[in-house]
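Okay, structure first, notes after.
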Amino acid sequence: MFTIATWNINSVRLREGLVARFLREEAPDVLCLQECKSPVDKIPLDQFRALGYTHVVARGQKGYNGVAILSRLPITDAGDRDYASLGHARHVAARLENGVTIHNMYVPAGGDTPDRTVNEKFGQKLDFVAEMRDVFHADRPERSILVGDLNIAPGEDDVWSHKQMLKIVSHTPVEVDHLLSAQDAGKWVDVTRQDIPAGLLYSWWSYRAKDWHAADKGRRLDHIWASQDIANAAHASRILRPCRGWDQPSDHVPVLASFDL
DNA sequence: ATGGTCGTCCTACGA
């Protein structure tokens, strides 16, 4: 059995202490981070190594984006892909010794206006997810786990108000269609919803709310998917809402799952 | 309808 976690950390350098606290308290075998906002050689790894996370596979750039996989199990680098040819550090893959491949993804947020004719970023987001669909269609994933900040909340219970979110980037029908097509092309199973099928579920709350907890206008943007062949090994999914209340928090909280593999 | 908050790095820009 192993556990995997995904967390958009919104600067790993600023929140090194929060990552260390999470690793001490939850001790996942693998932690996938997004929005590290750091070149790989400036990620503060010493504290993570001291906690047992001695294996690291990462891609980074200065100031923006960046994905990292920290593991206390041995992993090897399984490459990356420049989805939508943006030149951004938004994907990296690693392989465990049991043959499981882990994809760590950070899908573009897509800007404020859900119209690619006036907002280039929205088009890039759709193109990114369409390329995910094409890649999974051409080469159907096996013994694979895909995690990350997909920046899309697909279900009605993945947002605080389905009706009020229909024209808000992250929950528009065209984005949801793209994401579900990518999921279907790879025969990916949404592990979090397999484990917790009913009810509101959020992994992100805006910094702009006066009282994020009271307003509770959240969205489930962070996901753990498993390929069909290993989906029945997944269990014990959790979303750690309390992390949003930590000092100087990320606007995202960790999502976890366990696999009997 | 609007403005609200962060992080990075220099002044906006992306989220």
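Chain letters run A, B, ... following the sequence lines, proteins first, then strands; residues in each count from 1.
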Quiz item: Is any side-chain N or O of A:Ser11 closer than 4.0 Å to OP1 or OP2 of B:dT8?
Solution: yes

Quiz item: Whole-Å distance between B:dT5 C1' and A:Arg244 CZ?
Solution: 9 Å

Self-check item: Between P of B:dA15 and CD of A:Glu35, the distance in whole Å
Solution: 7 Å

Quiz item: Under 6.0 Å from the six-membered ring centre of A:Phe122 and within 45° of its axis: does the NZ or CZ of A:Arg116 meet both?
Solution: no

Quiz item: Taking atom CD of A:Glu26 and atom CG of A:Leu31, what is their separation to the nearest 0.5 Å?
Solution: 11.0 Å

Self-check item: Separation of B:dC9 C1' from A:Lys62 NZ (nearest whole Å)
Solution: 8 Å

Exercise. Can you spot which of A:Asp77, A:Ile69, A:Asn65 makes a side-chain contact (heavy atoms from CB on, under 4.5 Å) with A:Arg59?
Key: A:Asp77

Self-check item: Same-atom distance (C1') from B:dA1 to B:dG14, integer angstrom
Solution: 23 Å

Exercise. Take the protein atom CD of A:Glu120 and the nucleotide atom C1' of B:dG14, then report the distance between them rounded to whole Å.
Key: 13 Å

Quiz item: If each of A:His252 and A:Lys210 is mapped to the nucleotide of DNA chain B with the nearest heavy atom, which maps nearer the 5' terminus, i.e. the 5' end?
Solution: A:Lys210

Practice problem: To the nearest Å, give me how far apart CD1 (A:Ile9) and C1' (B:dG7) are. | Solution: 12 Å

Quiz item: Distance between the C1' atoms of B:dT2 and B:dT8, in whole angstroms?
Solution: 26 Å

Quiz prompt | Stepwise side chain to side chain donor-acceptor pair (under 3.5 Å) check, A:Ser237 with A:Asp195 | solution = CA-CA 6 Å; A:Ser237 290; A:Asp195 285 341; 2.5 Å; yes

Self-check item: Rounded interatomic separation in angstrom, taking OH from A:Tyr207 and C1' from B:dG3
Solution: 18 Å

Quiz item: Between B:dC6 and B:dC10, how far is it from one P atom to the other, in whole Å?
Solution: 22 Å

Quiz item: Taking only N and O in the side chain of A:Arg90, is any of them less than 4.0 Å away from OP1 or OP2 of B:dA15?
Solution: yes

Quiz item: Are A:Thr6 and A:Gln34 close enough that a side-chain donor and a side-chain acceptor fall under 3.5 Å?
Solution: yes

Quiz prompt | Comparing A:Lys37 and A:Asn8 on DNA chain B - which has the more 5′ nearest nucleotide | solution = A:Lys37

Practice problem: Considering only atom P, compute the distance from B:dC9 to B:dG3 and round it to an integer number of Å. | Solution: 28 Å

Quiz item: For the hydrophobic clusters of this structure (ILVMFWY residues joined by side-chain heavy atoms under 4.5 Å, transitively), does one cluster hold both A:Leu126 and A:Val176?
Solution: no

Quiz item: Among B:dC6, B:dA15, B:dT8, which nucleotide sits nearest the side chain of A:Arg15?
Solution: B:dC6

Quiz prompt | Summary of ring pair (Phe, Tyr, Trp, His ring centres under 6.0 Å) pairs that have at least one residue in residues 6-51 of chain A, sequence neighbours excluded | solution = A:Trp7-A:Phe22

Practice problem: Find the distance A:Trp204:CH2 to B:dT5:C1' and express it as a whole number of Å. | Solution: 11 Å

Quiz item: Where do A:Asn10 and A:His252 land on the side chain to side chain donor-acceptor pair (under 3.5 Å) test, with the steps shown first?
Solution: CA-CA 8 Å; A:Asn10 187 17; A:His252 296 252; over 6 Å; no

Tabulated below should be each protein N or O lying under 3.5 Å from an N or O of nucleotides 11-13 of chain B; please produce it.
none

Exercise. Return the value, rounded to whole Å, for the distance between atom CG of A:Asn65 and atom C1' of B:dG7.
Key: 13 Å

Quiz item: Between B:dT5 and B:dT11, how far is it from one P atom to the other, in whole Å?
Solution: 24 Å

